[in-house]
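Treat the numbers as computed from the prediction; the structure is a model and nothing was measured. We're numbering straight along the sequence, starting at 1.
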Amino acid sequence: MKLLLAILLVSTVLAAIPTKVTNCIANPSIVFTEATFSVQPQKGVDETITLYGTANAHAELTNVHLVAKWNDVEVMTEDFPEEEIYDNGDKVVYSQTKNFPTFTPSGKITTQFYFQNAKGANFACAEITFVL
C-alpha cells in the first residue's frame, strides 16, 4: 500500500498541470487549444509553460514576443528568436521556461506569447492567466 501511495505521489508531481489558453489575435495562423505548466506556478521556481496547437496556414516563426502583465499592468516584455516553419495541419508545441523571482508581487499574472514572422507581424498569440 505504501508503494502504491508513493507511485501515485510521484506520478502526480511529475504530471503536467493543464491550464486554460486563449487565442489573443483574430484569425491566427496557429490556433492554440491547450497549455500546461510543469509545476504549480510559484515564486522562485523554474517553470515550463508549454503551448499546444495546430497551424491552419503556412507561417514562418522568427520570434516569440512575451508580454507579462501583473494585475493588468504591463511589467515585462522579452523576445525569444526562433526559426520554425509551419504548414497547414502541422501540430505546434512551444515551450518556454521562466522563473518568477521571489520579489515578484502576488496577484494575477497574464502572459501573452506573440508569434511573429520576419517582418515583426503577429500571426498567432496565446494568453495564459494564473495567480501567484
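- Through chains of ILVMFWY side-chain contacts below 4.5 Å, Ile25 is grouped with Val67, Tyr114.
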Going through the checks in order, is the side-chain hydrogen bond (donor to acceptor under 3.5 Å, both in side chains) test met by Asn99 and Asp46? CA-CA 5 Å; Asn99 183 308; Asp46 284 346; 3.0 Å; yes
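- For Pro28 against Ala124, the heavy-atom pair with the smallest separation is CB-CA, 4.1 Å.
- Note: Ile30 CD1 to Cys125 SG = 11.0 Å, rounded to the nearest 0.5 Å.
- Here the closest non-hydrogen pair linking Ala126 and Cys24 is N-SG, 3.7 Å.
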side-chain hydrogen bond (donor to acceptor under 3.5 Å, both in side chains) for Glu60 and Asn117? Distances and angles first, verdict last. CA-CA 6 Å; Glu60 297 184 18; Asn117 62 23; over 6 Å; no
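- Applying the salt bridge (charged side-chain N to carboxylate O under 4.0 Å, His left out) rule to Glu78 yields the partners Lys98; only residues at least two apart in sequence or on another chain are considered.
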How far apart are the C-alpha atoms of Gln40 and Ile17, what are their side-chain angles, what is the distance that settles it, and do they pass the side chain to side chain contact (heavy atoms under 4.5 Å, CB included) test? CA-CA 7 Å; Gln40 189 65 38; Ile17 301 166; 3.9 Å; yes
Walk me through whether Phe130 and Phe37 qualify under ring pair (Phe, Tyr, Trp, His ring centres under 6.0 Å). CA-CA 10 Å; Phe130 54 93; Phe37 292 113; 5.3 Å; yes
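- Among the candidates Ile109, Thr110, Leu51, the single residue satisfying the side chain to side chain contact (heavy atoms under 4.5 Å, CB included) test with Ile128 is Leu51.
- Atom CD of Glu127 is separated from atom CZ of Phe113 by 10.5 Å, given to the nearest 0.5 angstrom.
- Follow the hydrophobic side-chain contacts under 4.5 Å out from Phe100 and you reach Trp70 in the same cluster.
- Between Tyr94 and Phe115, the angle of the ring planes goes over 60°, which puts this pair in the perpendicular group of the 30/60° scheme.
- Put simply, CD on Glu84 and OG1 on Thr62 are 11.5 Å apart, with the number rounded to the nearest 0.5 Å.
- In this structure, the side chains of Glu47 and Pro41 come closer than 4.5 Å at one or more pairs of heavy atoms.
- Here Thr104 contributes atom OG1 and Leu132 contributes atom CG; the two are 6.5 Å apart, rounded to the nearest 0.5 Å.
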Could you go through Asp72 and Lys108, starting from their C-alpha distance and side-chain angles, then the distance that decides it, and tell me whether this counts as side chain to side chain contact (heavy atoms under 4.5 Å, CB included)? CA-CA 8 Å; Asp72 296 323; Lys108 182 176 81 170; 3.3 Å; yes
Side chain to side chain contact (heavy atoms under 4.5 Å, CB included) for Val31 and Asn56? Distances and angles first, verdict last. CA-CA 7 Å; Val31 175; Asn56 58 16; 3.5 Å; yes
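- Residues forming a side-chain hydrogen bond (donor to acceptor under 3.5 Å, both in side chains) with Thr48 (at least two apart in sequence, or on another chain): Thr97.
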Take Thr111 and Gln96 through the test side chain to side chain contact (heavy atoms under 4.5 Å, CB included) and record every step on the way to the result. CA-CA 11 Å; Thr111 56; Gln96 183 63 244; over 6 Å; no
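- The hydrophobic cluster containing Val93, built from Ile/Leu/Val/Met/Phe/Trp/Tyr side-chain heavy atoms closer than 4.5 Å, also comprises Tyr52.
- Not a single side-chain hydrogen bond (donor to acceptor under 3.5 Å, both in side chains) links Tyr86 to another residue, sequence neighbours left out.
- The CD1 atom of Ile49 lies 9.5 Å from the OG atom of Ser95; values are rounded to the nearest 0.5 Å.
- Scanning both residues, Thr36 and Ala16, for their nearest heavy atoms gives CB-CB, 3.8 Å.
- In this structure, Asn27 places its CG atom where only 12 or fewer heavy-atom neighbours from other residues, nucleotides or ligands lie under 6.0 Å away.
- In the hydrophobic clustering, where aliphatic and aromatic side chains (Ile, Leu, Val, Met, Phe, Trp, Tyr) are joined below 4.5 Å either directly or transitively, Val131 stands alone.
- With contacts defined as side-chain heavy-atom distances shorter than 4.5 Å, the pair Lys43/Ser106 qualifies.
- Taking each heavy atom of Glu34 and Val21 in turn, the nearest pair found is N-CG1, 3.5 Å.
- Rounding to the nearest 0.5 Å places OG1 of Thr77 at 11.5 Å from CD of Gln112.
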